[in-house]
Amino acid sequence: MRRLIFLLFAATTIIPITAAHGAVTVFGNTTARECYRAALSETGSRSHIRICDDALSDNSVIGRDRVATYVNRGIVHVQLGDFEQALADYDRAIALDESEPDAYLNKGLALLRRDRSGAQALPLLDIAIERGTREPAVAHYARGVAHELNGDIPAAYYDIRRAAELDPQWEVPARDLQRFSIE
């Protein structure tokens, strides 16, 4: 039986995942749709927060659109570096619909970026993957980063490799795989 030994050439210092990867699409309501577009912009601003606030104060934004708007406002908060507000929005989304995988994905991403630790992020990323996130490559990559931060190099390698398989056009996982050597 061949034994695998994983060597890591460089430690992960930056979490190169943009929060907008996990934006949740909104169809219909104009204000909620604008919040979705704000989350996609990848450059958060206070005006984007106001757009999302307006959507959430609109009583016609209900159900899935309301959950998506909390996730999307959380993304804008992450873009602004306001992790506590982002985490609160993801928690609100989860409270409204605990089956929404991208609320868990984005909460895990926010924790990775805030803490540079995988301890709290791992269970959230597991849930996102189990519940069928719309961004499985991002979830596997982030889970790989979390494993690496926790010192589980084999698990990190397998998740980053899975991310590269799921999205061959995404350069980040392919680049990061070059840091590993299997002997």
Side-chain angles (χ1 to χ4, degrees), residues 12-146 149 163 167 170 172:
T12 301
T13 57
I14 299 173
I15 310 298
I17 303 168
T18 62
H21 275 110
V24 180
T25 307
V26 175
F27 301 103
N29 183 286
T30 305
T31 56
R33 183 96 174 127
E34 288 305 310
C35 179
Y36 166 68
R37 287 190 185 118
L40 287 178
S41 75
E42 296 189 29
T43 55
S45 69
R46 289 289 156 209
S47 65
H48 289 151
I49 294 293
R50 282 191 295 278
I51 289 168
C52 296
D53 289 346
D54 289 347
L56 290 167
S57 65
D58 182 344
N59 291 332
S60 70
V61 177
I62 59 173
R64 186 185 176 291
D65 283 350
R66 187 163 206 76
V67 172
T69 301
Y70 275 117
V71 172
N72 292 332
R73 186 173 71 176
I75 290 169
V76 176
H77 279 301
V78 167
Q79 293 166 350
L80 293 170
D82 190 349
F83 295 105
E84 298 315 310
Q85 288 292 358
L87 294 171
D89 277 344
Y90 301 140
D91 287 339
R92 287 182 190 107
I94 292 166
L96 289 171
D97 181 1
E98 63 184 40
S99 68
E100 175 51 58
D102 293 314
Y104 295 96
L105 171 61
N106 282 287
K107 185 174 180 182
L109 292 172
L111 289 167
L112 275 175
R113 289 186 62 194
R114 183 190 75 180
D115 300 342
R116 303 276 190 227
S117 164
Q120 291 184 55
L122 262 173
L124 297 165
L125 298 168
D126 288 341
I127 292 169
I129 291 167
E130 290 166 11
R131 296 198 178 158
T133 178
R134 292 164 194 87
E135 296 287 346
V138 172
H140 279 278
Y141 179 79
R143 190 168 72 174
V145 170
L149 290 169
D167 188 351
W170 189 22
V172 173

On a heavy-atom basis, which atom in [X] and which in [Y] lie closest, and how many Å separate them?
X      : Y      : result
Ala55  : Val61  : O-CG2, 3.2 Å
Gly74  : Asp89  : N-OD2, 3.5 Å
Ala146 : Leu122 : CB-CG, 3.8 Å
Asp167 : Ala137 : CB-CB, 3.7 Å
Pro101 : Ala128 : O-CB, 3.5 Å
Tyr104 : Leu124 : CB-O, 3.5 Å

If I take atom [atom1] from residue [X] and atom [atom2] from residue [Y], how far apart are they, to the nearest 0.5 angstrom?
X      : Y      : atom1 : atom2 : answer
Ile127 : Ser99  : CD1   : OG    : 11.5 Å
Ser41  : Ile51  : OG    : CD1   : 9.0 Å
Leu149 : Leu112 : CG    : CG    : 6.5 Å
Asp54  : Thr69  : CG    : OG1   : 11.5 Å
Asn72  : Leu40  : CG    : CG    : 7.5 Å
Leu96  : Arg66  : CG    : CZ    : 7.0 Å

Apply the test side chain to side chain contact (heavy atoms under 4.5 Å, CB included) to residues Arg33 and Asp65: give CA-CA distance (whole Å), side-chain angles for both, the deciding distance (0.1 Å), then the verdict. CA-CA 9 Å; Arg33 183 96 174 127; Asp65 283 350; over 6 Å; no

Flag the pair [X] / [Y] as yes when at least one side-chain heavy-atom distance between them is below 4.5 Å, and no otherwise.
X      : Y      : value
Val138 : Trp170 : yes
His48  : Leu80  : no
Gln79  : Thr43  : no
Val78  : Tyr90  : yes

Where the side chain of Arg64 meets the backbone of Asp97, is there a donor-acceptor pair that is under 3.5 Å apart?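 Such a contact is absent between Arg64 side chain and Asp97 backbone.
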
Under 3.5 Å, is there a donor-acceptor pair between the side chain of Arg73 and the main chain of Ile49?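 No: the side chain of Arg73 does not pair with the backbone of Ile49.
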
Go through the steps for Arg50 and Asp53 under the test salt bridge (charged side-chain N to carboxylate O under 4.0 Å, His left out), then give the verdict. CA-CA 5 Å; Arg50 282 191 295 278; Asp53 289 346; over 6 Å; no

Test side chain to side chain contact (heavy atoms under 4.5 Å, CB included) applied to Leu125 and Leu105, step by step: CA-CA 5 Å; Leu125 298 168; Leu105 171 61; 3.9 Å; yes

The criterion is side chain to side chain donor-acceptor pair (under 3.5 Å); which residues satisfy it with Ser47, sequence neighbours excluded?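 Testing Ser47 for side chain to side chain donor-acceptor pair (under 3.5 Å), a comparison that skips the adjacent residues, returns Ser45.
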
Going by the rule side chain to side chain donor-acceptor pair (under 3.5 Å), which residues pair with Gln85 if we only count those two or more places apart in sequence or in a different chain?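 So Gln85 forms no side chain to side chain donor-acceptor pair (under 3.5 Å) with any residue.
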
CA sep, side-chain torsions, deciding dist, call: Asp115, Phe83, side chain to side chain contact (heavy atoms under 4.5 Å, CB included): CA-CA 10 Å; Asp115 300 342; Phe83 295 105; over 6 Å; no

Go through it in stages, so that I can follow the logic: the residues are Lys107 and Gln120, the test is side chain to side chain contact (heavy atoms under 4.5 Å, CB included), and I'd like the CA-CA distance, side-chain angles, deciding distance and then a yes or no. CA-CA 10 Å; Lys107 185 174 180 182; Gln120 291 184 55; over 6 Å; no

